[in-house]
Amino acid sequence: MRPLKGGPALRPADAPAPRLAEAAVRLVPLEEMPSLGERVVRAVVVTLVLAGAGVVAWKLSFLTMPLALAILGFYVLSPLVNLIENRGASRGLAVLIVFGGGLLVLIGIGFALWPSLESWLQQKPSQAGEKSAFEIQLGRRLETWERAALGTKYRQIDWHYLFNQARELLEKQRKGLTETLPQVAMGMLSSAGTLVLAPIMTLFLLIDGSAMHKAIVAQVPNRHFETVLTLLHRVDRQIAAYLRGAASESAIVAALLAVVLWALGMPSALLFACIYGVANVIPLLGPVMGAGAGLLYALMDPGAPSLGVLAVGYLGVYVLDAMLINPMVVGKNLNLHPLTIIVGISIGGSLAGILGMLVSIPFIAIGKAIAYTIWDAVRRQQAHRRGYV
Amino acid sequence: MDAEAALWTPPKMEGDAEPDILATLKQVPLFQDLSGRDLKKVARLLHERTYQPGEVIFREGDPGAGMYIVRKGKVNIVIGRPDGSEQLLAPIADRQFFGEMALLEAAPRSASAVAAEKSELLGFFQADLESLIERDSKLGSKVVWNLARLMASRLRGMNDVLRQQRQAEAAAVAVAAPASARPTGSEGM
């Protein structure tokens with residue numbers, strides 16, 4: 001065997017395989033297979049660490065939601081910051097420009113939505129014996145339906161009773177909604193901490209995110225360094241692609257729906273388009289929730305178009321989104337099972353309401369990417385051990 | 001095996017040994033022609049790692065994540081053979097680098113890297129290159145351009161090795177052929 005550039009061969013190729021005594025002088029040390037006891041101890045330690053992290057996260061739950069929102073904000077805004085930085089601006093200036101622009105957009109949306117919200121908030125609950133405009137409208141709609149086909153075709157069913165029940169239920173929901181709206185507004189103010197902390201955290205993540213990432217990775221032992229780096233990169237790419245796609249999709253769908261609702265003569269078209277756009281981020285249930293809000297309102301507002309026309313409008317936007325906008329904008333699908341999505345949304349909703357529902361899917365996707373990368377690394381290691389050692 | 005060694009043998013470095021990161025980067029062909037400002041940007045992305053003697057940096061077969069620059073110390077690039085023997089392909093010393101092919105794709109590593117002595121390495125990974133391209137596309141494209149030139153140079157080196165091997169084999173066949181074609185005494189009878 002000829003000596004190679006850079007150094008002599010340790011052992012000729014035609015020499016017999018190394019014996020145990022020779023293994024000690026190997027250049028590449030063999031990977032140590034942990035014993036069963038070591039594996040059990042490691043599993044216990046990892047479980048304890050994860051449980052401890054869970055307890056800490058639970059105790060610091062007031063920070064969990066702002067941090068989760070800040071991470072989502074970071075992913076959505078960083079392409080814009082990168083774009084401006086790419087044009088020659090410093091990172092800090094790019095972040096300030098994006099934040100200033102974002103603030104202006106939010107103020108603009110706030111001003112556009114305020115009249116609708118104000119009129120909604122000013123709806124007084126009906127007093128005893130009085131009927132609100134919404135209640136009158138609801139009664140009219142239900143009577144129309146009752147008198148139409150259903151009441152005449154199937155006489156054996158007590159339609160009058162059923163419609164009365166439906167009327168009571170819907171009116172109760174409406175009352176609840178109108179009466180609790182000021183409380184919801186106060187609740188939003190009380191969670192102002194979250195609303196203030198999240199943008200501040202996003203700001204710092206955008207400015208120093210890469211330095212923080214580097215500092216975290218620096219703590220990883222050499223043995224797992226490349227795996228962790230690859231893992232973080234994969235998660236980063238998957239989540240970034242999903243969130244940016246979802247944010248763009250929601251913005252386009254909201255704009256499209258606003259035009260459709262406005263053309264149909266729906267009051268507060270922009271408000272309901274925004275509700276649909278935000279809800280659209282939640283897979284499967286989002287469009288139903290978004291459309292449900294608009295349809296329920298239309299049921300009770302005399303100025304709203306008929307439910308059928310409105311439903312066709314929502315359906316048209318949904319089909320356009322599913323067939324055209326989503327495939328074009330959301331480049332990378334998360335490939336989550338519908339059952340996983342429903343369970344995830346339910347858990348997120350029960351833990352942190354609407355915000356929890358919004359952030360649950362990206363975090364499930366993070367978990368999936370982590371699990372996949374670890375599984376892949378373990379599989380490769382095992383295949384390598386079988387083939388090389 | 002020679003062709004594999006040609007892929008891993010680092011280019012010759014010039015200049016004095018300086019432990020400074022920027023001075024180290026200046027010696028790496030991937031970052032040549034970059035201004036001091038650009039080098040600082042690249043330096044901010046690098047991961048500083050310290051390895052003890054005998055510690056594995058990566059193993060043959062592991063998915064490639066990126067390249068390493070030896071700031072201080074010595075690293076051995078070793079390839080394993082099916083019979084269990086090992087071969088040292090190239091020792092990598094101060095201010096030399098290895099694993100740059102992994103910047104382009106996460107294909108399995110074709111050799112292992114082990115620290116021969118206590119070594120300080122600078123890691124530059126695919127994720128860092130992508131981040132550089134996103135945040136400063138001009139600088140990112142300069143680095144990618146240098147990487148392409150480096151790959152072309154490696155390919156040329158490998159071609160030379162293969163050509164030499166082929167010529168040596170052809171010469172060996174030419175020497176052996178007349179001997180086998182030569183008639184024996186009994187045949188002539």
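Chain identifiers are assigned alphabetically (A, B, ...) following the order of the sequence lines, protein sequences preceding nucleic acid strands; residue numbering begins at 1 within each chain. Note that this is a predicted model, so its numbers are computed, not measured.
- Contacts of B:L132 with chain A are absent, with no heavy-atom separation under 4.5 Å from either backbone or side chain.
- When the options B:L22, B:V143, B:N146 are evaluated for a side chain to side chain contact (heavy atoms under 4.5 Å, CB included) with B:F31, the one that passes is B:V143.
- Using a 4.5 Å cut-off between heavy atoms, B:Y51 contacts chain A through both its backbone and its side chain.
- B:E55 touches chain A through its side chain: at least one heavy atom from C-beta onward sits under 4.5 Å away, while N, CA, C and O do not.
- For chain A, no part of B:L139 is nearby; none of its heavy atoms comes within less than 4.5 Å.
- For the residue pair B:H47 and B:D128, a side-chain donor N or O sits within less than 3.5 Å of a side-chain acceptor on the partner.
- Ring pair B:F125/B:Y68: centre-to-centre distance below 6.0 Å.
- Between B:D94 and B:R71 there is no salt bridge, since none of the side-chain N atoms of the basic residue sits less than 4.0 Å from a carboxylate O of the acidic one.
- Looking at A:R87, there are no atoms closer than 4.5 Å to chain B (heavy atoms on both sides), in backbone or side chain.
- The cationic group of B:R49 lies under 6.0 Å from the six-membered ring centre of A:F225 and within 45° of the ring axis, placing it in a cation-pi geometry.
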